[in-house]
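One structure below.
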Amino acid sequence: MKPIVCKFGGSSLADGNNILKVCEILKSDPNRKYAVVSAPGKRFSGDIKVTDLLYECYRDVTEKGDCSETFAKIRKRFTSIVEELGMNGFNIAGILDETEKQIGEQCSADFTASRGEYLNARVIAAKLGWEFVDAKDIIFFDKNGSLDEARSYPAIAEKLSRCNGAVIPGFYGTDSNGKIKTFSRGGSDISGSIVARAVNAEVYENWTDVSGFLACDPRIVNSPERIEVISFKELRELSYMGANVLHADSIFPVRKGDIPIKIKNTFRPEDPGTLILPSKKYVLQGNIVTGIAGKKDFTVIFLEKSMMNAEIGFARKVLSVLESHRICFEHMPSGIDTLSLVIESRYLTGGVMDVLLEEINKEVHPDYIRVLENIALVATVGHGMASSIGTSARLFRALSEAEINVRMIDQGSSELNIIVGIDNADYEKCVRAIYHAFFDKKAE
Ligand code: ASP
């Protein structure tokens, strides 16, 4: 039987009581052999994450040469975790002393930030009676700062094949100079995915404090449906458009290894969660639409020119203006005489817009340029849309009934999504209208 790799994060590991739940989950299935853990998260709203305290320690060391005051808060967190776990014989004081000393000596932001994961993994391994496997010995970065796959995967597989239960700290590894390097924030999800790929796991279980992905933002629609099964491609579309549960980079290692991810809730382990499947294992689900997500604050530059379709190099010239200002565009819907560019508004502030328009005018001499500001994009995503007749009719009927003016439409070439551009002010109304059109009337 292939092993299961579990990653625990968020408030799952905020205190000793939660860690006990985590231990129970790990022990309840003999295939759950490897756990990747984050640093302790927030215990209540307004609480500070251990990682944030560690970044503060680093600032203290660089500014004052000493971090003992801030480190005292970290000391208190881990001391009470160990007490709550009833680990009286565990020498947490000694490990904390050593860590504080190293933070002062190393004077490195990455080393300091990584210690939350390191300390938590040491405690949890001891509680479980499993081996502590330091990420610095098995996860390696190359000289460009990317994961060194050729070195990391065999090292992980070899080391873990000799453990019958191991706890690995997430979020960091070793760079090409032998120093500790972290992933970007929230990066323990990536570590979990790398470990799962290396041991060719049956599934990568990602345990958080939510029972999976919801079909849309619960701040907009009251208790939206949970997504039971979603493909990696659908997930990518939805997370790009703002739905976030997992670190965006964490899907790549497991996706390459065709390993499913399961999102589970530490506080409701019996909930089925959301299963994320690679293409090979994905079969079409009953739903037409899997999820809806969106973002506000885009600008559309609309260009019109007669016979644009016959003009060689028109789009290239327009895009090279963007390129020369290092601005990326999100979508480029086009017709025979029209072309629109959808760009995040934050790139166009401080006079950049005027410069762009001037240069575009000079390069391609359009008959007409119009700029639409304060545009929101809403993506409706689902593999089921391609094979189901009437999907777009249903979507646009819902928008027209809600009296929403659609300013732009873009259907991805994979037929996996339909994106509409609407006024920022209509954003919430639009998400609600699409949700109700596809999820309330399922019986239709
Ligand atoms: N502890 C790190 C952070 O706060 C990494 C993680 O939680 O995944 O970003």
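Residues take their numbers from the sequence shown, with the count starting at 1. For ligands, and for the atoms within them, numbers begin at 1 and follow the listed sequence.
Atoms of ligand 1 found under 4.0 Å from any heavy atom of R185 (numbered from 1 in listed order, with element): 3 (C), 4 (O), 9 (O). Each of the atoms 3 (C), 4 (O) of ligand 1 lies under 4.0 Å from some heavy atom of K49.
In terms of protein heavy atoms, atom 7 (O) of ligand 1 is closest to S38 OG, 3.5 Å. Scanning the protein for heavy atoms near atom 2 (C) of ligand 1, the closest one is E117 OE2, 3.4 Å.
No side-chain donor-acceptor contact under 3.5 Å links D110 and S108. A donor-acceptor pair shorter than 3.5 Å can be found between the side chains of D60 and T70.
For ligand 1, the polar-atom distance check against S188 finds a nitrogen or oxygen pair separated by under 3.5 Å. Considering both main-chain and side-chain atoms, G186 comes within under 3.5 Å of ligand 1 through a nitrogen or oxygen pair. In terms of polar-atom proximity, defined here as any N/O pair under 3.5 Å, D189 makes no such contact with ligand 1.
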TODO: In sequence, state the C-alpha distance, the side-chain angles, and the governing distance for S388 and T391, and then conclude on side chain to side chain donor-acceptor pair (under 3.5 Å).
DONE: CA-CA 6 Å; S388 138; T391 304; 3.1 Å; yes
Task: Test side chain to side chain donor-acceptor pair (under 3.5 Å) applied to H247 and S184, step by step - done: CA-CA 9 Å; H247 190 297; S184 56; 2.8 Å; yes
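At a heavy-atom cutoff of 4.0 Å, ligand 1 is contacted by no atom of H247, backbone or side chain.
Note that K181 lies in the cation-pi zone of F141, set by a 6.0 Å cut-off to the ring centre and a 45° limit from the axis. F252 does not carry R255 over the face of its six-membered ring by the limits of under 6.0 Å from the centre and within 45° of the normal.
In this structure, G187 counts as a contact residue of ligand 1, since one of its heavy atoms falls inside 4.0 Å of the ligand.
Summarising the geometry, atom CD1 belonging to I81 is positioned 9.5 Å from atom CG belonging to L119; distances are rounded to the nearest 0.5 Å.
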